[in-house]
Amino acid sequence: MIKAIRGTRDILPPESGAFQYVETLAREVFRVFNFDEIRTPIFESAELFARSVGTETDIVSKEMYTFADRDETTLALRPEATASVVRAFIELQMSQEPGLKRFYYIGPMFRRERPQKGRYRQFYQIGAEVLGGDHPAIDAEVIEMVVEYLNRLGIRPFSLLLNSIGDSKCRPNFVKALKAAAGEVRDKLCENCQRRLETNPLRVLDCKVESCQPYINRFPSILEYLCADCQAHFSELRGLLDARGIAYQITPRMVRGLDYYTRTTFEITSDLLGAQNSLLGGGRYDGLSESIGGPPVKGIGFAIGLDRFVMVLTQIRPELGMDRPQVYVAWLGTKTLSKAYELTRMLRRAGVRCAIEFDEMKLKKALSNADRLKAAFVLIVGEDEIAKNKFGLKDMKGGSQVFLEERELVTRIQGAREGSAVPA
RNA sequence: GUGGGUGUAGCUCAGCUAGGUAGAGCGCCAGGUUGUGGCCCUGGUGGCCGUGGGUUCGAUCCCCAUCACCCACCCCA
């Protein structure tokens, strides 16, 4: 039997409904912040990711789906989308257009990791990017937008973690100081940290091993090493967030896994997830454009893990994504089918979700089906009804039934929907 | 990539600890007469026991391998 490949899955109702809800709300919230959608290719030149995300990162060095095209160029399924958005900005000369560019995207990403709770090889992200400026107010606006989005969804509690990791001027000094401090207690650190010290020193700060904590706590903080410009940028950002009442935790030990980040980085976590507790992450990337051969273009963005979002959301709001038929059309005898279908078309044109089946069955069976489909109403179309032009409309919740003319059906059914509290 | 756990009907699981080719609940189908669901009753449907080897007269059960899923490490969204 052919099965879905490891780390991929089929998303079915009600989960697919929850995905739709989350996506629709993102479009709404992002729109009022003046963001437009961008759709970039699912695959790109592998080099794009190597040069932006970084060749030494896990994402590029061991998780990317890379393959040779027929002409031998090396392609890769995108492991993230920021690099593509920046590539498009450069390629299409968007810097010639006035003002900042604000984009959002929704779609699948691919990383070949070992699957786990909240972690898939094909997973979905909603992300947003602002290109063309580095004013701290941009950072504040992006963070405000994502917090607004979480609040609208009803996701809570969550923690907003905030940090600044400096830029190419000041970070090297910090890394040097960190390596020196860690080097002194090298043999006291866990095996992982000892390795990370060589490969990616900043990650040592992120270690969760208990025995490492006392040492890590005494390591220098990135915030003490920020240059004047980075410091000013960070404090202005914090002032703006404070002024807008957005709560955050400064976490100097938070590092991000992609090489392109500079200055502002942030992350939002939730306790409702397992070990993969990060709901979204983002930051500024002022040098990314140059690293892929473009002109200087400053930018900031974030990416939301949709799968995890939906996981949290369905815990908080279990009914999310349920969308059942409003009307189940039951017809009695083959002579009534054409009239029944005519009524179905009328209802559908009025926007009513309408179920009808084409095998003849007894009314008892039809009602039973309607019940299992959780239809709100059953419209009964028999020969008597057709003769009198009065159709039975049974309310499945209470069981009461009224007889209505064709023209009365739509308003009656839609009127009932107003009163119901079924979310999208 | 590393570790632990799990793979038996559509679903949730039992049986497997003294090896003899399988059970429950739910579901599904049909009835309990004529055009009214949810409850109840009756009957029925349903599984090469993840896959491939091995041991054995014989394996769902023991051994090996492999695959998949879950959780964790790692990493990240």
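Every chain is numbered from 1, with letters handed out A, B, ... down the list of sequences.
Here B:A9 is in the anti range [glycosidic angle more than 90° from 0].
Looking at heavy-atom distances under 4.0 Å, A:Arg111 makes contact with a base. Contacts of A:Gly274 with the nucleic acid, taken as non-hydrogen atoms under 4.0 Å apart, involve only primed sugar atoms and P, OP1 or OP2. Residue A:Tyr328 is out of contact with every strand shown, counting any heavy-atom pair closer than 4.0 Å. Residue-level contact check: A:Gly282 touches neither bases nor backbone, having no heavy atom under 4.0 Å from any strand. Counting any heavy atom pair closer than 4.0 Å across all strands shown, A:Ile126 reaches no nucleic acid atom. Residue A:Arg196 is classed as a sugar-phosphate contact, given heavy-atom separations below 4.0 Å to backbone atoms only.
Counting non-hydrogen atoms of other residues, nucleotides and ligands closer than 6.0 Å to CD of A:Glu47 gives a total of 12 or fewer.
Among the nucleotides B:C71, B:G1, B:A77, the one closest to the side chain of A:Arg112 is B:G1. For A:Arg308, counting side-chain heavy atoms from C-beta on, the closest listed nucleotide (B:G4, B:C74, B:A77) is B:A77. Candidate nucleotides B:U2, B:A77, B:C75 were compared by shortest atom distance to the side chain of A:Ala303, and B:A77 ranks first.
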How would nucleotides 32-44 of chain B be written as a contact map, 5' to 3', with B for base contact, S for sugar-phosphate-only contact and - for no contact, using protein heavy atoms under 4.0 Å?
-> ---BBBB------

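If you check distances only, the side chain of A:Arg119 does reach the base of B:C75 with a donor-acceptor pair under 3.5 Å. Under 3.5 Å, the side chain of A:Gln116 and the base of B:C74 form at least one donor-acceptor pair of N or O atoms. Counting distance only, with no hydrogens placed and no angle test, the side-chain atoms of A:Gln276 and the base atoms of B:A72 include no donor-acceptor pair under 3.5 Å.
Taking only side-chain nitrogens and oxygens, A:Arg114 never comes nearer than 4.0 Å to OP1 or OP2 of B:G3.
Between A:Thr57 and A:Lys117, the one whose closest nucleotide on RNA chain B sits nearer the 5' end is A:Lys117.
Remark: B:U36 base-pairs with no nucleotide in the shown strands. Criterion, Watson-Crick or G-U wobble with two distances under 3.5 Å.
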